[in-house]
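Here is the structure we will look at.
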Protein chains: 4
Amino acid sequence: MRADAQRNHEKILAAAEEIFALDGVAVPIDSVAERAGVGVGTLYRHFPTKESLYEAIVIARLSGLVERADDYRRRLDPADALDAFLRDFARQAAEKQDLFEALDQAGIDFKSRFAGLVDELNHHVEALRLSAVNAGSLRDDVNSGDIINLIIGTCHAAGHSGADGEDVQRLVSVVIAGLQPLARR
Amino acid sequence: MRADAQRNHEKILAAAEEIFALDGVAVPIDSVAERAGVGVGTLYRHFPTKESLYEAIVIARLSGLVERADDYRRRLDPADALDAFLRDFARQAAEKQDLFEALDQAGIDFKSRFAGLVDELNHHVEALRLSAVNAGSLRDDVNSGDIINLIIGTCHAAGHSGADGEDVQRLVSVVIAGLQPLARR
Amino acid sequence: MRADAQRNHEKILAAAEEIFALDGVAVPIDSVAERAGVGVGTLYRHFPTKESLYEAIVIARLSGLVERADDYRRRLDPADALDAFLRDFARQAAEKQDLFEALDQAGIDFKSRFAGLVDELNHHVEALRLSAVNAGSLRDDVNSGDIINLIIGTCHAAGHSGADGEDVQRLVSVVIAGLQPLARR
Amino acid sequence: MRADAQRNHEKILAAAEEIFALDGVAVPIDSVAERAGVGVGTLYRHFPTKESLYEAIVIARLSGLVERADDYRRRLDPADALDAFLRDFARQAAEKQDLFEALDQAGIDFKSRFAGLVDELNHHVEALRLSAVNAGSLRDDVNSGDIINLIIGTCHAAGHSGADGEDVQRLVSVVIAGLQPLARR
DNA sequence: TATGAATGAGCATTCATTCAT
DNA sequence: TATGAATGAATGCTCATTCAT
């Protein structure tokens, strides 16, 4: 039965991602269960509160981003690494707006709940930022929080205004252009 | 008696703005009434549904922005007009995040509900954009929707991440820098 | 509308007393509302939690008992006062078993929640006890807690075993006989 | 394999007794299974409903009491037999309040469900009572139901008020004193 | 056969909206 | 007309019981 449980766990996560993205995190938990094709009880066996389901999704996303940030930093030169990461981040945000809806709604609690992961993300973005600044490909008057806010916000608004993937990449390009050092502008 | 009604109308709008900004649009309507110092019944006499109260606030905000866009376009030269408008828009967004939260939450419905106003806003931003492009102070590969999305999103993320007014102006500067024509970069 | 509200408040209390006594405190709150002829929302306006409804009933009962204890102590001689109080207490307990069910279920929390009232009751029973001991009509090796336990327990078991008012008085008589000083036995 | 089943049956009964006594009969059946170290499925194989588990415990207890009543009646003189039985009953009740909680909660159904056992218990207590009355060591105006109610109730209240074993014995002494024939008082 | 995952009816509570005063 | 009490559908969550492994 572990196979079944595993399958249900994934079905629930997938259903939650989809439905949160479609209808926002305010959807009844019953709808999530229904979409996943399981009973509410099953959902609650896997995720003891609505918040925990929600957290599980956010954590999976952030973890993915953290890994990618690290990966790009190792494999690419500083300017390209930051650029690739930002576009990646944006693509993910554009596809599934719920991560950022979650980031928003969690508000102040967010920082304490995901403190470790957020710190880690900041840390990796900071590493990317520093390399890029040192390589002269990034202005030195913005911090890693600024960079994250710019991308999150851009994608979030794009997601809600019905912009498609191409639109989002255009917006991200503007942000990236704005991040060039003054000398280059 | 009409004076009283007018006063109540304004008290309700003000209370709703404040409390939506503080606690989000999910606050019970009773809290709004209480903050306004009126009974729920009175609130419902002025705004027949929660959504309508919500709409009234958004409309007031958008109208204000539209007026300013027009004003700046008339009084300033193209580059300054767009710059001033964007900073203004950002300032307002930073101070009261609820407008954009509202914009988000209203989601797809938003466009149909506020179609006229949104069109008008787009129209004015488009006018600002065209003048600026013609004056060579704005890249020509972004449209008015892009500009609005960039500012809304940036401010929204800033608002939720606890950024202060200065942080927001820094973020907006990055966006504005990114909007410079390629020649200048 | 205060008249209506008052009426509803009383209807709810009465319904809760009846239904708790009939079916135990585990009955759904909806049943209480239905029995009272009001909506659940109304019930919750008057009593913000199930526990608070429950508390309101217990408090009303305990307050009545406290007043009576005081009254008897002032009006009757020591032996009669304790006797009258115990029979009174028993009568009330026999009629409405829910008070003691409540006393039971509240368990450890009970003492803290009703601390003031319980202390007051204990205080009054202690006063009755002391007068009676001094008058030589009560054995001196039981404390006020013992007396309360004896009466509560007796009535409680009687209530659950279907004993009628006469049966209960007979049981109370046994307890009262057992409380006589050794010299008299 | 039958040995295993037997062992599980007993582990479940023991766990249920303990946990019901500690936390009341409202504990989830999963907790009982967990405490017994078996899966819920296994528990349900042995006891098809929660009520049946509950019944099994009550039956075991009542059977034990019936046996003791009989034993005392044979071995001791009338006054001592009743006295010993009552103290025994009380001790058991004081140690494990759940029997009487069960007696309470089962309410009206109780009599029909355990009719045979209750009758048997009554019958044995009646035998003890008659011998004692005939021997002049028990007042003749109480019936066996009264006696049972007095002890059950006393212990029940004691259990819920945090009284210790010594307190209970003191309370039982009062009841026993109250059961003396009038001539002796 | 033992396990524990799955089920879903049921419960306490909230809140947008209506309506008696 | 303003008030706030009343309403009840809807929500998150629990737990007795069933069933696939």
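All figures in this text were calculated on a predicted structure; none of them were measured in a lab. First the proteins, then the strands, lettered A, B, ... as listed; each starts at 1.
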Comparing nearest nucleotides in DNA chain E, the 5'-proximal residue of the pair B:Pro48, D:Gly39 is D:Gly39
Query raised in the report: Does a side-chain heavy-atom distance below 4.5 Å link A:Thr49 with A:Tyr54?
Result: no
CD (A:Glu55) and CG (A:Leu117) are apart, to the nearest 0.5 Å, by 10.0 Å
To the nearest angstrom, the CD-P distance between D:Glu51 and F:dC15 comes to 17 Å
Sorted by chain and number, sequence neighbours left out, salt bridge (charged side-chain N to carboxylate O under 4.0 Å, His left out) with C:Arg7 holds for C:Asp4
Across all chains, not counting sequence neighbours, the side-chain contact (heavy atoms from CB on, under 4.5 Å) partners of D:His46 are D:Ala5, D:Asn8, D:His9, D:Ile12, D:Thr42
note: D:Glu34, atom CD; E:dT3, atom C1'; distance rounded to Å ~ 14 Å
For D:Tyr44, the ring-ring contact (aromatic ring centres under 6.0 Å, His included) test, sequence neighbours excluded, returns none
For DNA chain E, consecutive-pair runs of 3 or more (Watson-Crick or G-U wobble, both H-bond-type distances under 3.5 Å) give E:2-21 with F:2-21
D:Ile12 atom CD1 is separated from F:dA16 atom P, nearest whole Å, by 15 Å
Separation of E:dC15 atom P from C:Leu43 atom CG, nearest Å, is 17 Å
Pick base, sugar-phosphate or nothing for A:His46, based on heavy-atom distances below 4.0 Å to the nucleic acid.
sugar-phosphate
Residues passing the side-chain hydrogen bond (donor to acceptor under 3.5 Å, both in side chains) test with A:Arg35, sequence neighbours excluded, are A:Glu18
Shorter than 3.5 Å, N or O on both sides, protein versus nucleotides 9-12 of chain F: list them out with atom names.
unit_1 : atom_1 : unit_2  : atom_2 : d
F:dG12 : OP1    : A:Lys50 : NZ     : 2.7
F:dG12 : OP2    : A:Ile29 : N      : 2.8

Worksheet item: Got B:Leu13 and B:Leu53 here, is their nearest side-chain heavy-atom distance under 4.5 Å?
Response: yes
In whole angstroms, the gap separating P of E:dC11 from CD1 of C:Ile19 amounts to 11 Å
Taken to the nearest whole Å, CD/D:Gln6 to P/E:dT1 is 15 Å
Give a yes/no on whether any side-chain N or O of D:Arg45 is located under 4.0 angstrom from OP1 or OP2 of E:dT1. yes
From CG of C:Asn8 across to C1' of E:dA20 the rounded distance in Å is 12 Å
inquiry  = Tell me if a side-chain donor or acceptor on C:Ser63 pairs with a main-chain N or O of C:Ile59 at a distance below 3.5 Å.
reply    = yes
Taken in chain and number order and not counting sequence neighbours, the residues that satisfy side-chain hydrogen bond (donor to acceptor under 3.5 Å, both in side chains) with D:Glu10 are D:Gln6
B:Asp23 CG to E:dC15 C1', in whole Å, measures 15 Å
Taking for A:Thr42 and for C:His9 the nucleotide of DNA chain F with the nearest heavy atom, the one nearer the 5' end belongs to C:His9
